[in-house]
Amino acid sequence: MLRIFATNRHFLDNSRYILFAYMLINDTLQLLSSVILFLLVIGLVTFPTVYCVPLLLLSTSTFMNTTLILATMSLERYVAIIYPLQCPAAWRSDRIWIIILSIWFLSFIFPMIEYSIGERDPAVDILSTPVLCQPIYINLSPIQGFCRFLDHHH
């Protein structure tokens with residue numbers, strides 16, 4: 001499907017199709033990272049934190065990214081209806097990458113903050129101590145644990 005987008009100039013000149021292709025790539029990354037994390041946890045595979053955190057960041061940010069992409073696609077259609085003859089500069093296909101980068105930044109910043117402000121076990125060396133790749137083992141902060149509990153039971 002992506003090959004069709006890449007080879008057809010009509011798709012590359014339309015921001016709606018660029019956002020759709022971006023959603024396909026994002027959802028593929030989200031699916032792959034989630035399945036890999038699931039299989040690693042089910043198999044009780046442990047490895048150093050330095051390899052686990054990027055995988056968790058990718059999975060979390062792509063998950064958050066999906067809703068932002070859908071909202072952006074809806075907003076793009078709204079703008080196209082409001083301005084049928086003249087597309088605003090930010091929504092043109094040659095500038096849509098600015099919106100895409102903004103979406104990535106927004107979806108990446110919150111998981112990055114969560115994993116960077118948490119408490120670490122001083123006995124765990126992030127380069128060599130193997131851990132199970134789950135957020136609860138990466139961030140031992142009681143406040144973060146409470147927030148996760150509330151989030152899962154809300």
Side-chain angles (χ1 to χ4, degrees), residues 1-8 11-77 90-154:
M1 197 178 229
L2 286 175
R3 188 174 65 81
I4 293 170
F5 281 109
T7 57
N8 193 331
F11 293 132
L12 294 175
D13 288 339
N14 194 321
S15 59
R16 171 183 4 170
Y17 296 120
I18 293 171
L19 287 170
F20 181 72
Y22 170 55
M23 185 177 68
L24 286 176
I25 293 167
N26 178 75
D27 290 351
T28 301
L29 288 172
Q30 201 275 326
L31 185 64
L32 284 173
S33 62
S34 296
V35 168
I36 289 169
L37 282 169
F38 175 76
L39 292 174
L40 290 172
V41 170
I42 292 297
L44 298 174
V45 177
T46 58
F47 50 94
T49 305
V50 71
Y51 301 121
C52 179
V53 170
L55 191 55
L56 286 170
L57 279 172
L58 179 68
S59 178
T60 306
S61 62
T62 52
F63 176 76
M64 295 176 78
N65 215 351
T66 299
T67 54
L68 293 174
I69 295 169
L70 290 171
T72 304
M73 291 172 76
S74 297
L75 187 59
E76 187 273 334
R77 287 289 81 206
W91 293 100
R92 289 196 329 241
S93 62
D94 59 338
R95 294 194 182 166
I96 197 72
W97 63 271
I98 297 169
I99 294 173
I100 290 172
L101 287 176
S102 301
I103 292 171
W104 259 109
F105 177 75
L106 286 174
S107 63
F108 186 74
I109 194 72
F110 294 115
M112 187 63 148
I113 291 170
E114 179 182 351
Y115 294 124
S116 64
I117 65 170
E119 294 178 14
R120 306 277 185 257
D121 185 355
V124 174
D125 178 23
I126 65 167
L127 298 175
S128 63
T129 306
V131 294
L132 194 59
C133 197
Q134 284 187 302
I136 193 166
Y137 297 114
I138 303 301
N139 191 343
L140 301 175
S141 169
I143 294 171
Q144 290 288 357
F146 182 69
C147 290
R148 268 192 231 100
F149 174 78
L150 289 177
D151 188 38
H152 291 297
H153 291 88
H154 188 267

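We use all heavy atoms of the structure for the numbers below, so side chains are in, but hydrogens, waters and symmetry mates are not.
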Start with the C-alpha gap between Met73 and Arg16, add the side-chain angles, then the distance that decides, and say whether side-chain contact (heavy atoms from CB on, under 4.5 Å) holds. CA-CA 7 Å; Met73 291 172 76; Arg16 171 183 4 170; 5.6 Å; no
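- Within a 6.0 Å sphere centred on CZ of Phe47, other residues, nucleotides and ligands contribute more than 12 heavy atoms.
- Rounded to the nearest 0.5 Å, atoms CD1 (Ile98) and CD1 (Ile103) are 12.5 Å apart.
- Among all heavy-atom pairs drawn from Leu19 and Ile69, the shortest one is O-CG2, 4.0 Å.
- In this structure, Leu101 and Phe105 have side chains that are not in contact, with every pair of non-hydrogen atoms separated by 4.5 Å or more.
- For Phe110, the side-chain contact (heavy atoms from CB on, under 4.5 Å) test picks out Met64, with sequence neighbours left out.
- Here side chain to side chain donor-acceptor pair (under 3.5 Å) pairs that include residues 66-76, with residues two or more places apart or in two chains, are Ser15-Glu76, Asn26-Thr66, Asp27-Thr66.
- How far CG of Leu56 is from CG of Leu37: 5.5 Å, rounded to the nearest 0.5 Å.
- In this structure, the separation between CD1 on Ile18 and CD1 on Ile100 is 6.5 Å, given to the nearest 0.5 Å.
- Contact between Ser59 and Thr62 at its shortest, heavy atoms only, is O-OG1, 3.1 Å.
- Judged by distance alone, with hydrogens and angles left aside, the side-chain atoms of Thr60 form no donor-acceptor pair with the main-chain N or O of Leu57 at under 3.5 Å.
- In plain terms, the two heavy atoms of Ser33 and Gln30 that are nearest each other are OG-O, 3.2 Å.
- For Ser107 (side chain) and Trp104 (main-chain N/O), a donor-acceptor pair under 3.5 Å exists by modelled atom type.
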